[in-house]
Structures are given as structure tokens and as C-alpha cells.
**Student:** 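Supplied in C-alpha cells, the structure appears directly below.
Naming: A, B, ... by sequence-line order, numbering from 1 per chain. In what follows, every heavy atom counts, from backbone to side chain, and hydrogens, waters and symmetry copies are set aside.
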Protein chains: 2
Amino acid sequence: MGKDSEKELVGVKEIARRANVSIATVDRVLHHRSGVSEKTKAKIQAIIEELDYKPNILARRLASKKVLHLAVLIPLVSQETDYWNAPLMGITQAEEEIASYGVKIHKYFFDLNDRSSFVEQANLIADSQCDGVLLAPMFIEESKSFIQSCISKDMPYVLINSDIPEQNSLCYIGPNLYASGYLAAHLSGFLLTETDQILIVNISKEIDNHHHLLRKEEGFREYFSVNKRANDIFKIDIRQTTYEYVKSSMQNALDNKNIKLIFVTNSRVSSVARFLEETNIHGIKVIGFDFLKDNIEFLKKGTIDFLICQKPIEQGYKGIMTLYNHLVFSQEVEKVYHMPIDIITKENYLYYRN
Amino acid sequence: MGKDSEKELVGVKEIARRANVSIATVDRVLHHRSGVSEKTKAKIQAIIEELDYKPNILARRLASKKVLHLAVLIPLVSQETDYWNAPLMGITQAEEEIASYGVKIHKYFFDLNDRSSFVEQANLIADSQCDGVLLAPMFIEESKSFIQSCISKDMPYVLINSDIPEQNSLCYIGPNLYASGYLAAHLSGFLLTETDQILIVNISKEIDNHHHLLRKEEGFREYFSVNKRANDIFKIDIRQTTYEYVKSSMQNALDNKNIKLIFVTNSRVSSVARFLEETNIHGIKVIGFDFLKDNIEFLKKGTIDFLICQKPIEQGYKGIMTLYNHLVFSQEVEKVYHMPIDIITKENYLYYRN
DNA sequence: GTTAACTTCGGTTACGTACACGAAACTAGT
DNA sequence: ACTAGTTTCGTGTACGTAACCGAAGTTAAC
């Protein structure tokens with residue numbers, strides 16, 4: 001209750017009246033344009049302060065006919081994994097929401113297994129004259145050089161999904177990889193006894209992605225170290241993503257051991273689950289990542305015990321909105337926006353919103 | 001790729017030109033106003049179809065100077081529990097977002113321990129001439145009669161936090177209570193052995209709230225029944241919310257038993273945790289609800305093992321936005337929007353967003 | 001055929017802001 | 001004091017839509 005502050009919404013007109021100037025002059029002050037004497041500028045600014053003037057965004061976007069061009073550079077949605085479909089959905093959703101506010105979004109896709117396609121698309125963006133970029137920096141070196149060209153063009157960019165720190169991006173929106181690995185370990189703790197053995201599985205073709213998976217692994221191991229859990233932790237890197245390859249790799253990895261829990265460091269956990277099912281291996285708990293159709297199927301059946309998810313749709317959505325709010329409202333942004341680390345089980349997946 | 005459909009955004013002017021009428025006539029058709037012959041109406045509608053005309057929301061809200069009045073009726077944030085601070089934040093956030101779009105939000109608060117205050121505030125809303133209502137129907141009968149008055153005034157309303165089904169509200173936004181109880185049981189399963197005893201704790205003054213807690217309890221019990229878990233499940237209803245009362249009740253409840261897990265059916269779990277800590281009881285796992293400051297403190301220390309949370313901020317935010325989108329864009333809405341059932345632990349609470 | 005009443009429609013202004021254009025005021029140089 | 005140049009400012013139009021007002025056209029009654 002209390003401070004309702006029923007100030008009748010005032011506009012430039014009222015400011016102009018009070019300052020004995022025209023609205024054009026007020027407009028000049030508002031946009032920090034030249035052509036106003038220091039004296040009147042001060043007077044107008046005082047009145048703006050006093051009235052706590054907030055420009056009418058509606059009228060503003062309507063009057064300014066210029067359109068905002070945003071570019072998006074993310075992996076192509078492949079049949080191999082449809083993870084990137086989620087961020088794309090968020091991006092599309094944001095697009096629909098702000099389309100009528102004069103924002104155009106240009107989408108560029110690259111092949112996760114082909115660095116050159118990334119460079120190619122990045123160059124296209126660099127040439128196109130756009131106002132901001134949303135980028136999934138999957139290839140580290142290539143991303144860095146693209147980022148440099150953005151900086152030189154004074155073009156703001158937002159990173160999603162995986163961070164490249166110490167670049168001065170507008171912000172990073174995505175998971176805290178280390179923390180999500182740590183949480184996975186914590187969940188594992190509930191499923192294990194003192195002597196059970198653990199297998200960490202990294203499945204990824206590109207070395208750069210491996211780099212990201214490593215951070216999860218570190219977090220995972222750290223939990224066991226901090227909590228003085230002495231379970232044996234084995235690890236396997238699988239460098240091909242086809243099921244056949246995963247299968248034979250897993251067979252090797254499980255051989256002669258007594259693994260009780262498998263931690264798959266990314267969304268490819270469904271391959272592992274499929275393997276366990278097909279080879280009729282029971283009694284192994286499985287933890288992995290991402291709310292994908294395949295993964296959910298195995299979660300339902302109980303082959304996968306936990307999925308950790310980090311709101312991929314929202315990552316895309318927030319990425320675009322951050323650019324928009326920054327460019328249109330010059331809103332300040334958090335440098336790092338870590339996504340919540342969501343735990344999905346058989347019992348709550350129905351209610352999960354990516 | 002593909003269908004870019006670069007239709008230059010057309011407006012009423014273009015439609016008027018093509019139909020050889022004035023924009024005023026097009027406007028009449030768009031708003032289903034009278035004064036247009038069937039013939040020209042048909043012609044104009046055909047053109048609207050053809051061009052897939054989408055009105056410019058900016059210009060629309062700008063030109064129509066009428067403001068939208070939304071009323072909010074939720075519990076007062078008390079020192080007893082600051083749960084309702086969260087939905088209020090979401091409401092305020094939505095308010096800020098759409099304030100410049102000509103929306104005014106009027107907030108009414110009632111005392112959770114005083115039915116008459118609810119009725120009083122509800123009457124105020126009924127008298128005020130507003131365009132939509134966001135309602136937390138904590139008192140069932142009183143809510144029903146308020147809802148009736150809304151319906152008779154043809155005033156859309158949205159329910160949050162707890163549902164009163166079979167009323168034709170615009171929609172319900174909130175948890176699936178049953179499912180969240182079920183999930184709580186599932187999590188409990190990880191923490192228990194076959195023979196461990198369980199205590200369910202309901203803490204609530206008002207009988208109507210109890211009714212909601214009951215649904216969680218049902219879900220909880222159902223899990224154990226479905227999964228043929230034979231653990232003893234005890235239960236206690238605590239009808240005073242002061243710590244002293246909770247303390248003595250808990251002492252009784254734990255007496256002569258060997259409880260290994262406590263499931264508190266609402267956010268008052270911190271009272272129980274405090275009790276366990278103060279009386280130096282260890283070895284009992286605790287599961288409860290809501291991301292509240294007090295609860296998080298105990299989660300950090302390990303006294304509480306799991307918190308289940310259902311995005312209270314978002315409930316408020318979405319509630320307002322749903323009304324807004326429905327009234328302004330006549331957007332259709334899902335009748336039931338169940339919030340995700342989030343699991344919060346010591347390891348991921350830092351990254352949780354209410 | 002005149003008047004009245006009603007139907008159908010167009011012209012116009014307004015919403016709050018952006019910006020091009022040109023007018024006034026001031027400065028400096030002669 | 002007159003001009004040229006510069007600074008400072010106001011007028012006017014545009015954005016796409018809403019809605020008032022009144023002008024045509026149409027119909028009905030005498």
C-alpha cells in the first residue's frame with residue numbers, strides 16, 4: 001500500500017510546455033543530439049528528472065521506422081541430436097514477440113562437425129550489416145576471431161550455451177558446466193553405496209566440445225573428492241557419435257568392471273541407455289543431460305534415472321531478448337546469466353518446461 | 001531457409017486502397033462495428049485474409065487511449081511466511097513491462113488467517129470497474145461466490161497457486177499438487193531403506209489450505225502404494241503456525257517412533273528443520289516446499305535435503321501476462337498451466353530462478 | 001416531390017515520438 | 001550596419017491505428 005504515485009503519464013509535450021521550448025528541443029536533449037544550448041539543456045534535463053519522464057516505447061518504435069537487424073549463429077539441427085532445436089524455438093518465440101516492434105532476425109546455421117561451415121557463416125554475418133549477434137561459440141578459436149571482428153565493428157554479441165570467458169561479450173547465457181557436473185555427482189550419491197564403481201562417458205566428435213564436457217567432469221569428480229567418497233571413477237572418451245561405435249566402446253568400458261552408475265556428460269545419454277537395454281544389462285544407474293525426446297523415453301522406462309537440463313529454449317529466448325533490450329532500451333545486462341540446473345525424473349518430466 | 005515470406009508489412013491504408021474504400025471503413029470491419037454493407041464488408045474481409053493482415057499492436061495501443069485495469073487479489077506478505085512475496089514480485093515485474101502499454105494494475109491484499117478480509121477486498125474489486133482479475137482462491141467458498149460475481153460481470157479471471165476446478169476461469173496457473181507430492185515420494189525413495197518410517201507433516205491454520213495440502217499427501221502416498229513400498233507412513237496435522245506449537249507437536253509425533261524421513265507438505269518446513277537442529281536430532285531426512293530464505297538456509301546446512309519449488313514468481317508474472325494477452329490480443333489460453341516441479345538441493349540452489 | 005430517418009461511408013484529428021527542414025537569434029568579420 | 005556563418009530552436013509531417021463527425025446515398029412515408 002502507500003506510494004501509488006499516480007503521476008499522470010507525461011510526455012515530451014508537457015516537458016516542452018514547462019520548459020517553454022518546443023518538443024523538438026526536448027527531443028534533442030533526450031537523444032543527446034547537438035544543437036541545444038547548455039542552459040536550456042540543463043533546464044530541460046532538470047524537468048525530465050523531476051517528472052521522472054519515461055518515454056513511451058510504443059510511440060517511439062512506431063515513429064522510428066528503422067528496423068533492427070539481429071543475426072543468430074547456431075548449430076544446424078541434425079538428425080544426430082535435435083538439441084539445438086530447443087534454443088532455436090526460443091529464438092523463434094522471441095522473434096514473434098518483437099517482430100511487430102520492428103526487429104528482424106537473420107538465422108545462420110553451421111555444421112557441428114565442420115569447422116569451415118562455421119567460419120563461412122560467420123563471414124556472412126560479418127559482411128551483413130546487422131546490429132547485434134547471438135552466437136553459440138562451439139569452435140573456440142574460430143569464435144574468438146569472429147568475436148574480434150564484431151568488436152571492431154562495435155557490434156554487440158551475446159554468447160549462449162557455452163562460454164568463452166575474458167572476451168567482452170555483452171553477456172553469456174547458459175549453464176555453469178562445473179556446477180552441473182557437481183550436482184550430477186550429488187544425485188549420484190543418492191544412488192550409490194561406498195564401494196560402487198562409476199563410469200564417466202564423454203561422447204563427442206569435436207575436440208572443442210570435449211573441452212566443455214571436461215568442466216562437467218571436473219565438477220563431478222570434485223564432489224566425490226570434497227565429500228570424501230572413495231568410489232572408483234572410470235572414464236571413457238567416445239569420439240564417434242554413431243550408435244554402433246558407442247555400443248562397442250561401451251562394451252569395452254564395462255568389461256571386467258563392476259560399474260553401478262554411468263554419468264554421460266552430454267545429451268547423448270540415450271545411446272548409452274539404448275545400449276544397456278539392448279544388451280540386457282540391469283542394475284546400472286544412469287545420469288545424463290537434456291530434455292530430448294529420446295532421453296525422455298528412457299527416463300520413462302527407468303533406464304535413465306536423472307536428466308539434468310538447463311532450459312535450452314529459454315537460452316535462445318533470453319539471448320535475443322537481451323540483445324533487443326540492450327539495443328532498444330539500452331538496458332544494462334548481467335555479464336553472466338547462469339541457467340538454473342534442473343533435475344528431471346520420471347515423476348516430474350511431464351511438467352518440465354524447457 | 002525456405003519460406004521467408006517477405007511480405008512488406010501492410011496496414012489498413014493498403015487494404016483501404018485495394019478495396020476502394022476509406023480506412024475508416026476498413027477499421028469498422030476490423031472491429032466488427034456496424035455501418036458497413038454486407039457487400040463491402042465481404043470484400044474487405046477477403047483482402048484482409050489475402051494479405052494476412054496483422055494489426056500493428058504498437059499503433060493500436062497508442063491510438064486507443066483507453067487504459068486496461070487489472071485487479072490482483074492475493075494474500076498479504078506476512079512475517080509468518082514470505083511466500084507470497086514471490087508471486088507479488090512476478091506481478092510487479094509484469095506490471096513494469098506493460099505499464100507503458102496502457103495497463104494499470106490494482107493490488108488488493110487479504111489476511112491468510114482472516115476470511116472476512118478476503119470477502120472485503122473481493123467486494124472492493126467487484127465494485128471497482130476493472131477489466132480482469134488475478135486471484136489466489138485460498139478460501140474456497142468465498143472464492144466461488146466472488147467468481148460468480150466476476151462471471152456475471154463478464155469479467156475474465158485467472159487463478160494462481162491453487163485451483164478451483166469446474167469454474168470456467170480463463171485459466172489456472174500453478175502447481176499440480178498431486179504430482180508434486182508424488183515426486184516428493186520418489187525422491188524420498190532414494191533416501192530410504194525398506195523399513196524406514198516416514199512422517200508427513202501438515203502445518204496450516206486454515207482448513208481450506210489443508211484441503212490443498214491433502215492433495216500432495218495423496219500423491220505422496222500413491223507413490224508408495226504403486227511401487228509396493230511398505231514403509232510405515234505416519235502423519236500429523238499441526239494447526240498452529242507458531243514455532244513453539246510446531247515444536248511441541250513434533251516432539252509428540254516423533255516420540256516412540258523411528259522416523260527416518262519427514263515430508264512437510266508446504267513451505268513451513270523450516271520450522272521443522274529448526275526443531276530438528278535445536279533438539280539435536282540427526283539422521284532424519286527432510287523434504288519440503290518452496291525457495292524461501294529460511295528454507296534455503298537449512299538446505300545449505302544439510303538439515304533439509306530437498307526442496308520442491310514451483311516458480312512462484314513466474315506464477316504471478318504469467319498470471320498477469322495471460323490476462324493482458326487475452327484482453328489485448330484476444331490470445332487464446334491454455335485452461336491449465338501446470339508449473340514445472342523443480343527439485344532444489346544444496347548443489348543447485350544457487351542457480352535456481354524462482 | 002418533399003421531408004425525415006436511416007444506412008453507409010469518407011475526411012479528419014489524435015495518440016506520443018522522430019526527424020527533416022527552415023526560421024530566428026546570435027556571432028564575427030568587414 | 002550589413003553580410004555570412006553558426007548556433008539554437010520551432011513548425012510540420014510521418015508512423016499505423018482509433019474514433020468522432022458529418023456528408024453523401026438510400027429508403028419510406030406523406
**Student:** Can you tell me how far P of D:dT11 sits from NZ of A:Lys13, to the nearest Å?
**Tutor:** 13 Å

**Student:** Over how many whole Å does the gap from B:Leu51 atom CG to D:dG16 atom P extend?
**Tutor:** 14 Å

**Student:** Whole angstroms only, please: what is the CD-P distance between B:Glu14 and D:dC15?
**Tutor:** 13 Å

**Student:** Rounded off to whole Å, could you give me the CG-to-C1' distance for the B:Leu58 and D:dA18 pair?
**Tutor:** 15 Å

**Student:** Pick the closest DNA chain C nucleotide for B:Thr25 and for A:Asp27 by heavy atoms, then say which residue is nearer the 5' end.
**Tutor:** B:Thr25

**Student:** Side chains of A:Tyr172 and A:His338: closer than 4.5 Å at any heavy-atom pair?
**Tutor:** yes

**Student:** D:dT8, OP1 or OP2 - any side-chain N/O from A:Thr40 closer than 4.0 Å?
**Tutor:** no

**Student:** For residues B:Leu134 and B:Thr322, determine if any side-chain heavy atom of one lies less than 4.5 Å from a side-chain heavy atom of the other.
**Tutor:** no

**Student:** With a sphere of 6.0 Å drawn around NZ of B:Lys335, does it hold more than 12 non-hydrogen atoms of other residues, nucleotides or ligands?
**Tutor:** yes

**Student:** To the nearest Å, how far apart are A:Asn20 CG and D:dG10 C1'?
**Tutor:** 13 Å

**Student:** With a 4.0 Å limit, can you tell me whether B:Ser64 has a side-chain N or O closer than that to the phosphate oxygens OP1/OP2 of D:dA18?
**Tutor:** no

**Student:** Answer with base, sugar-phosphate or nothing: what part of the nucleic acid does A:Asn56 contact at a heavy-atom distance below 4.0 Å?
**Tutor:** sugar-phosphate

**Student:** Please compare B:Ile23 and B:Ala59 by the position of their nearest nucleotide in DNA chain C and report the one closer to 5'.
**Tutor:** B:Ile23

**Student:** So B:Lys39, base contact, sugar-phosphate only, or nothing? Heavy-atom distance under 4.0 Å.
**Tutor:** nothing

**Student:** For B:Ser34, report the nucleic acid contact type (base, sugar-phosphate, nothing); a contact means any heavy atom under 4.0 Å.
**Tutor:** nothing

**Student:** When you compare the side chains of A:Glu97 and A:Tyr317, does any donor N or O come within less than 3.5 Å of an acceptor on the partner?
**Tutor:** yes

**Student:** How would you give the extent of chain A contacts on DNA chain C, as first and last nucleotide 5' to 3' within a 4.0 Å heavy-atom cut-off?
**Tutor:** C:dC15 to C:dC19

**Student:** Can you name the residues that form a side chain to side chain contact (heavy atoms under 4.5 Å, CB included) with B:His31, not counting sequence neighbours?
**Tutor:** B:Asp27, B:Arg33, B:Arg60

**Student:** Apply the side chain to side chain contact (heavy atoms under 4.5 Å, CB included) test between B:Leu159 and each candidate in B:Ile147, B:Val133, B:Val336; give the one that qualifies.
**Tutor:** B:Ile147

**Student:** Under 4.0 Å, heavy atoms only, any strand: does B:Lys41 hit a base, just the sugar-phosphate, or nothing?
**Tutor:** nothing

**Student:** Between B:Arg28 and B:Ala63, name the one whose nearest nucleotide on DNA chain D is closer to the 5' end.
**Tutor:** B:Ala63

**Student:** Under 4.0 Å, heavy atoms only, any strand: does B:Gly35 hit a base, just the sugar-phosphate, or nothing?
**Tutor:** base

**Student:** Does atom NZ of B:Lys41 have more than 12 heavy-atom neighbours from other groups under 6.0 Å away?
**Tutor:** no

**Student:** In whole angstrom, give the distance that lies between atom CG of A:Leu62 and atom P of D:dT17.
**Tutor:** 9 Å

